[in-house]
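Protein chains get the first letters and strands the later ones, always in sequence-line order, with residue 1 at the start of each.
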Protein chains: 2
Amino acid sequence: MNNAVSRMVGCEFPLFAFSHCRDVVVAVSKAGGFGVLGAAAFSPEEFERELAWIDEHIDGAPYGVDVLVPETVDPRVLALSTNAARAAAISPEHKAFTSNLLNSYGVPPVGEDMGVPEGAGITPEIGLALMEVAFRHPIRMIANALGIAPASMIEEAHKRGIPVGALVGAKEHALRQAAAGVDIIVAQGGEAGGHCGEVATIVLVPEVVRALKSAGYETPVLAAGGIMTGSQMAGMMAMGAQGAWCGSVWLATTEAETSETFRDKMVAARSRDTVRSKARTGKPARQLKTGWHEAWEGPDSPGTLPMPLMGLVSEPSFRQIEKAAAGGNQGARDLVSYFVGQGVGLVEQVRSARAVVQEFREEFAEAAGNLVAMIGD
Amino acid sequence: MNNAVSRMVGCEFPLFAFSHCRDVVVAVSKAGGFGVLGAAAFSPEEFERELAWIDEHIDGAPYGVDVLVPETVDPRVLALSTNAARAAAISPEHKAFTSNLLNSYGVPPVGEDMGVPEGAGITPEIGLALMEVAFRHPIRMIANALGIAPASMIEEAHKRGIPVGALVGAKEHALRQAAAGVDIIVAQGGEAGGHCGEVATIVLVPEVVRALKSAGYETPVLAAGGIMTGSQMAGMMAMGAQGAWCGSVWLATTEAETSETFRDKMVAARSRDTVRSKARTGKPARQLKTGWHEAWEGPDSPGTLPMPLMGLVSEPSFRQIEKAAAGGNQGARDLVSYFVGQGVGLVEQVRSARAVVQEFREEFAEAAGNLVAMIGD
C-alpha cells in the first residue's frame with residue numbers, strides 16, 4: 001500500500017503493532033506490518049539488549065520504538081529523583097491499603113522497599129535515557145505517548161531522518177504536536193488500552209484529520225483505539241486515517257509477554273469489562289477491570305497516587321498477583337489485569353502475531369470490496 | 001443501495017435520521033434517506049398531529065417512528081401512575097436544589113406543580129399509547145430505544161408487515177432483541193447523544209454483527225454513535241453495518257427543533273464538551289455538558305432521580321432556561337443543553353437536512369473510492 005505513512009516508515013501494510021514484546025515486533029515487521037517496541041517496562045540496559053536482539057532477528061525489516069517521556073510531572077513528585085526516594089514517599093496508609101487488598105485475595109504482600117530497582121519507571125530522565133539507546137539502532141520511527149515529545153527527541157530524530165510519532169487524544173493536542181514538528185500523529189480514542197482520553201476513535205480521527213488539514217499541515221494520521229480486525233482498519237482508513245496503530249490485539253498472541261492467565265481472561269472478557277482508571281500508573285489508562293480497580297476507586301480507598309508513584313505501588317503488586325495466579329491461587333487470578341482496550345470483546349482465541357497480520361490484510365481487502373459492491377447495487 | 005436494510009424499509013440510501021422534528025423526517029426521506037420521528041416529547045394527541053402532517057408532506061417516501069417504552073421501571077416510581085403523583089413525590093430538597101441552581105444563573109424558578117401536563121413523559125403506558133397512534137399511519141419501521149420492545153409492539157408490527165427496530169448498547173442485548181423477534185438492530189456506541197451504553201461504536205458494531213451471525217440470526221445492524229459524515233458511514237459499513245442511524249447531526253440543521261442558542265453552542269462545541277449523565281432523564285444519556293450537570297453531579301447535589309421523575313425536574317427547568325437564554329440572559333445561555341453525541345465536535349455550520357443527506361452520499365462514494373485506490377497502489 002503506497003500511502004504517505006507506509007513510505008515514511010518503509011512498511012508494506014500500515015498496520016502498526018505497539019508491543020512490549022520483541023518477538024511481536026519482529027513477527028509483525030517481517031509479515032509486512034510495522035512493529036513498535038514500547039520501552040516503558042525496560043531499564044536503558046535492558047532496552048539496549050532488546051533492540052540488539054531485534055536487529056539480529058528482523059531480517060532488515062523496518063521497526064520503531066515508543067518511549068514515554070511525560071510532558072508534565074505532578075508537582076508532588078518533582079523533587080523526588082530516585083525510586084528509593086519515591087518509594088519512601090508512599091504513605092504508610094497507601095502501603096497498608098495495598099497489603100490489605102492483596103491479603104484479602106490471598107496474595108503475599110510486597111516488601112517494604114516496594115521491590116523497585118533504580119533506573120526504571122515512567123520519568124522524564126529515564127524516558128530520555130531510553131531515547132538515547134534507541135538512536136543507536138536502525139529504527140524507522142520514534143514515538144512518544146505522554147504529551148509533546150521533547151525538542152531533543154525531535155531534533156535528534158530529524159537529524160537521522162527518522163520520523164517522529166506522537167499519540168494524542170484530542171485535536172488541540174494534535175495541532176500542538178504538528179507545530180512542534182511531529183511527523184505522524186496517532187489519534188487514539190478513549191476505547192484504547194493504556195493511557196487514553198475520552199473521545200471515541202470514530203470521532204477523534206476525522207476531527208484530527210480535519211483540524212490538521214485546516215491548519216495547513218500534511219501530517220498523516222494513524223487511527224488507534226478499539227481496532228482488532230482488518231475491516232475496522234479499512235473502516236478507519238475510509239474515515240481519513242492512513243493506517244492503524246494497535247496494541248491490545250497483540251496481547252492475545254502466542255509471542256506476547258502476557259501471562260497465560262491474562263490471555264485466558266482476554267478470550268473470556270466482554271467489551272464492557274475494561275475500565276479507564278488511574279489505579280495502575282497514576283494517569284487515566286484503560287485496563288481489564290478487576291477487584292484492584294474496584295478497591296482503589298471504592299469508598300475506602302486512600303486515593304490513587306500521581307505518576308510515577310502509583311506505578312511503584314501497582315507494578316510490584318501485579319508481579320505478586322501474577323506469580324500467585326500462575327501457582328493456582330484463584331483470588332490472585334481474579335485480580336490479574338493489564339492494559340487492554342474495549343476491543344478485548346472481539347478476541348476469540350490466541351493466535352500467532354504473523355497470523356494476525358495476515359488476517360488483517362485479508363479482512364481489509366474483503367471490507368473494501370464489500371463497500372464497493374454495495375455502492376454498485 | 002440495494003442491501004437488506006434498504007429493502008426492508010424501502011429507502012434508497014440507508015441513512016436513518018432520528019429526529020423529534022417532523023420537518024427533518026420529511027426532508028431526509030424525500031432526499032433518499034429514512035426519517036424516524038422520535039415520539040418521546042409528544043403526548044399521543046400531539047403525536048397524531050405530527051404524523052398526519054408528515055403523511056401530507058412526505059410525497060409517499062418511507063419513514064418510521066421511535067417510541068420509548070422502558071423495559072424496566074425503577075421500583076421507587078412503579079406505584080406513581082400520574083404526573084401529578086410523580087411531581088408530588090419529588091422531595092422538597094430536590095425542588096429547592098433545582099430552584100437554587102436556576103437562581104444562581106439568573107433563571108426564574110419553575111412552579112410548584114413542575115408545569116408537567118398529564119399524558120406526557122417517558123412511561124410504559126404513554127409509550128404504548130404512542131405506539132397505537134403510530135400504527136394508524138403508513139410507517140415503514142417502528143423502533144424502541146429502552147430495552148426489549150413489548151411483545152404487543154412486535155406482534156402488531158409484524159401483522160402489518162412493519163419491521164421492528166431496537167437500539168442496543170451491548171451484544172447481549174442484541175441477542176435478546178433478536179430472540180424476541182426484532183428485525184433491525186441499531187448498535188449504538190457510548191459516544192452517541194441520548195441514552196447510551198459505554199462501549200464505543202467501532203467495537204460494538206463488529207461485536208454485535210459477529211454475535212448475531214454466530215447465533216444464526218440474519219438480523220441487519222445499523223451503526224449509531226458519533227456518525228456525522230458520509231465517510232464515517234462508509235467506514236462503519238466496511239466494519240459490517242448495513243447503514244447508519246444518526247441523531248445529533250440533524251440538531252444542527254435549519255429545520256431542527258433546537259433553539260438558535262443551542263445550534264450556536266453546537267457549532268462552537270468540541271468533542272470533549274459532552275457528558276454521559278443521569279441528570280436529565282434519570283438514565284445515563286449523553287448531552288452537552290453545562291453547569292446543570294456539574295451541579296447535579298457535584299458534592300452538594302441531592303442526587304439524580306430515577307426515570308421519569310428526573311425528567312419532571314429537568315424538562316420544565318430547561319424550558320425556563322431556553323426562554324431566558326432567548327431573552328438574552330447570559331447565565332441561562334451557559335446552562336442551555338440538549339442530548340448530543342461526541343460528534344458535535346465535527347459540526348462546523350448549520351445546514352439544511354437535505355444538504356446533509358446530499359453531502360453524506362457524496363462523502364460515502366468518495367470514501368469508498370479512496371479506500372479502493374489505496375489498495376490498488
Minimum heavy-atom distance [X]-[Y], with the two atoms named:
{"X": "A:V203", "Y": "B:G343", "answer": "CG2-N, 3.9 Å"}
{"X": "A:A238", "Y": "B:S231", "answer": "O-CB, 3.5 Å"}
{"X": "A:A200", "Y": "B:Q342", "answer": "N-OE1, 2.8 Å"}

Shorter than 4.5 Å, heavy atoms on both sides: which option in [options] has the most such pairs with chain B?
{"options": "A:E172, A:M233, A:E363, A:E366", "result": "A:E172"}
{"options": "A:M228, A:M236, A:E198, A:R210", "result": "A:R210"}
{"options": "A:A365, A:G240, A:A234, A:G341", "result": "A:A234"}

### Task
Against chain B, label A:T229 side chain, backbone, both or neither, depending on which of its atoms sit under 4.5 Å from a heavy atom there.
side chain
### B:R270 backbone acceptor or donor facing A:E207 side chain under 3.5 Å
no
### Task
Look at B:A211, B:G189, B:A367, B:G369 and state which one has the largest set of heavy-atom pairs under 4.5 Å with chain A.
B:A367
### Query
Looking at B:G230, B:G190, B:S271, B:G226, which one has more heavy-atom pairs under 4.5 Å with chain A than the rest?
B:S271
Nearest-0.5 Å distance that lies between atom [atom1] in [X] and atom [atom2] in [Y]:
{"X": "A:I202", "Y": "B:L346", "atom1": "CD1", "atom2": "CG", "answer": "9.0 Å"}
{"X": "B:E191", "Y": "A:T201", "atom1": "CD", "atom2": "OG1", "answer": "8.0 Å"}
{"X": "A:L371", "Y": "B:M239", "atom1": "CG", "atom2": "CE", "answer": "11.0 Å"}

### Task
Please look at B:T274 and chain A and tell me whether the side chain, the backbone, both or neither of the residue comes under 4.5 angstrom of a heavy atom of that chain.
neither
### Query
Hey, is CD on A:E218 packed in by over 12 heavy atoms from elsewhere, all under 6.0 Å?
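Check fails, neighbour count at 12 or below.
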